[in-house]
Novice: 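Quick one: the structure is below, and I'll ask about it shortly.
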Amino acid sequence: MPTRLLLLLCLTAHVFAREPPEVDCLVVHRKYVHCSWNMQGTPEVNYTFYSRFEPDKEFSVCSNYLRENNTNTGCKQPYQKGQRFNSFNTKLVHGKQISQKVLELKTKVKLNPPTNVTVQRRSDSNLWVNWSQDYVACVESEVRYRVNNRKWENNQVSTAVQEYCVNLPSSSSLYELQVRSRIALSCGESIFWSDWSQPVVWGSNNSTDANRMNKLMPVWTPVLYVVGAFILILLVMMLLHHERIRIIFIPVVPKPSSDLENVEDWFQLPKGLKESFNYNEHPCLVREYCHVSQSDSEACSVFVPGNESDLSTSCSSSTSTVSTEEEMVSV
């Protein structure tokens, strides 16, 4: 029985054995290769790291380990210009455990952040940002800036250009700017950007006081709402309390009467103005007449109204004149 158990353990030992960790490498600023194998945590044992760039045949052992809690977690390997375009072979060894991997480092280059970042306002009234990067011809950059601590705005800069212009900045605002770089497409584009540079600022610091006021506003907002509502209710009560103010703003509309003959009673008018509407004027009658000779007296006729009462009006003198002329014609 013990013999069978020992044989079973020997056959299944490789299943329970811990597999070597994965290795990941990165070319740092085109100066050295940084490899690490602690992505899943610090290894329990120390591994020996070997590497080589093709077409080299021989592996070289790591001469500069990165350690964590006295355990090897990474390695810095020397790098020569152009080697990132070649395959990179790695090997982790611990006792009889060996893990080999082939990596392509063409797109895995991370530059250091730009240095000497400066900002100034030139004679064209624009804000210019300048910086330095060790590699110029094969490097593209990206500038980000924000105004008064608001949202960042990113703008990419062409390859080999190490300056950027912010058009017509406001002197009363605070500008904060940063720059980062990476290998451009023309030289084998990298998927890694450098870290952002140290921020540089330009402009007024008055925005700090404004931000402090904005932080205090939410505290006082409910109080202002309550005070405003109280003042509004107080004004409405005063408006309803005073009769004179209520008449001015809310006039009483007269109720129409069933007697439609005295329409002027609807309006509140002065007595003198109301009596002026009672003026009556007598009608004036106008009649046509014609001058005729004795020979034409029979052909001319004068219109005489049938209602004789109209002759007693103030304009009856015209009628008497016509009658006198008729008598003269008939003589």
Side-chain angles (χ1 to χ4, degrees), residues 24-36 38-39 66 74 76 79 84 104-222 224:
D24 190 20
C25 298
L26 184 70
V27 179
V28 178
H29 206 63
R30 300 203 293 186
K31 290 184 176 180
Y32 63 89
V33 179
H34 178 279
C35 295
S36 60
N38 62 342
M39 283 74 71
L66 303 176
K76 285 185 176 181
Y79 171 83
R84 68 187 180 95
E104 302 295 336
L105 304 181
K106 173 184 175 181
T107 60
K108 295 184 176 182
V109 180
K110 185 174 182 179
L111 301 176
N112 291 335
T115 58
N116 300 326
V117 182
T118 59
V119 58
Q120 62 178 343
R121 189 170 185 174
R122 298 181 184 175
S123 58
D124 58 359
S125 299
N126 295 326
L127 194 65
W128 287 89
V129 187
N130 296 85
W131 60 90
S132 299
Q133 183 57 265
D134 294 341
Y135 308 99
V136 178
C138 292
V139 175
E140 62 180 356
S141 301
E142 186 177 33
V143 177
R144 72 173 185 179
Y145 70 92
R146 60 181 178 180
V147 183
N148 296 334
N149 293 324
R150 297 173 186 167
K151 184 178 179 181
W152 289 101
E153 180 179 342
N154 292 43
N155 298 275
Q156 197 160 338
V157 183
S158 302
T159 305
V161 176
Q162 294 188 348
E163 65 178 5
Y164 178 77
C165 173
V166 179
N167 293 323
L168 302 176
S170 174
S171 301
S172 60
S173 300
L174 181 66
Y175 289 78
E176 185 178 0
L177 305 98
Q178 289 181 299
V179 187
R180 66 178 182 178
S181 304
R182 71 172 178 180
I183 300 297
L185 179 62
S186 58
C187 298
E189 185 181 45
S190 174
I191 60 176
F192 293 99
W193 285 92
S194 71
D195 295 332
W196 289 103
S197 66
Q198 291 296 323
V200 293
V201 295
W202 179 91
S204 174
N205 291 327
N206 294 333
S207 59
T208 305
D209 298 334
N211 292 334
R212 187 180 298 116
M213 290 298 296
N214 292 334
K215 294 179 180 178
L216 294 177
M217 278 302 295
V219 178
W220 290 100
T221 299
L224 294 177

Novice: Does Q198 have more than 12 heavy atoms from other residues, nucleotides or ligands lying within 6.0 Å of its CD?
Specialist: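 Incorrect, the count does not exceed 12.
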Novice: At what distance, to the nearest 0.5 angstrom, does CZ of R180 lie from CZ of R144?
Specialist: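 Those atoms lie 7.5 Å apart.
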Novice: Taking only residues two or more places apart in sequence, or in another chain, which ones meet N112 in a side-chain contact (heavy atoms from CB on, under 4.5 Å)?
Specialist: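 In terms of side-chain contact (heavy atoms from CB on, under 4.5 Å), with neighbours along the sequence ignored, N112 is linked to V28, H29.
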Novice: Quick one: are E163 and V157 in side-chain contact, heavy atoms under 4.5 Å?
Specialist: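 No. Closest side-chain heavy atoms not under 4.5 Å.
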Novice: side-chain contact (heavy atoms from CB on, under 4.5 Å), that's the test. Do V129 and V117 meet it? Break it down for me.
Specialist: CA-CA 7 Å; V129 187; V117 182; 4.0 Å; yes
Novice: How close do N126 and L168 get, counting heavy atoms only, and between which atoms?
Specialist: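 The pair with the smallest heavy-atom distance is OD1-N, 3.0 Å.
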Novice: Check whether any side-chain heavy atom of E189 sits under 4.5 Å from a side-chain heavy atom of E140, and report yes or no.
Specialist: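 Counting from C-beta outward, E189 and E140 do come under 4.5 Å.
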Novice: May I ask you to decide if T107's main-chain N or O and S190's side chain share a donor-acceptor pair within less than 3.5 Å?
Specialist: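 Between the backbone of T107 and the side chain of S190 there is a qualifying donor-acceptor contact (under 3.5 Å).
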Novice: Only one of F192, Y135, W193 passes side chain to side chain contact (heavy atoms under 4.5 Å, CB included) with L111; say which it is.
Specialist: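 The single option meeting the side chain to side chain contact (heavy atoms under 4.5 Å, CB included) with L111 is Y135.
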Novice: Does any non-hydrogen side-chain atom of L105 lie less than 4.5 Å from one of C25?
Specialist: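 Side-chain contact under 4.5 Å: yes.
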Novice: How close do P169 and Y175 get, heavy atom to heavy atom, and via which atoms?
Specialist: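 Reported closest heavy-atom pair: CA-OH, 3.3 Å.
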Novice: Kindly indicate whether the side chain of S141, heavy atoms from C-beta on, has any atom under 4.5 Å from the side chain of Q133.
Specialist: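 Of all side-chain heavy-atom pairs linking Q133 with S141, none is under 4.5 Å.
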Novice: Taking the side chain as every heavy atom from C-beta outward, state whether E153 and V166 have any atom pair closer than 4.5 Å.
Specialist: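 No, side chains not in contact.
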Novice: Would you sort out whether Y164 and E142 count as a side-chain contact (heavy atoms from CB on, under 4.5 Å), showing the intermediate values?
Specialist: CA-CA 9 Å; Y164 178 77; E142 186 177 33; over 6 Å; no
Novice: Do V179 and Q162 make a side-chain contact, defined as non-hydrogen atoms from C-beta onward lying under 4.5 Å apart?
Specialist: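 V179 does not reach Q162 side chain to side chain.
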Novice: Run V119 and Y145 through side-chain contact (heavy atoms from CB on, under 4.5 Å) and show every step you take.
Specialist: CA-CA 12 Å; V119 58; Y145 70 92; over 6 Å; no
Novice: Report yes if the side chains of W131 and S197 come closer than 4.5 Å at any heavy-atom pair, otherwise no.
Specialist: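 No, too far: nothing below the 4.5 Å cut-off.
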Novice: Does any part of the side chain of S173, heavy atoms only, come nearer than 4.5 Å to the side chain of W202, both counted from C-beta?
Specialist: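 Heavy-atom side-chain distance check fails, nothing below 4.5 Å.
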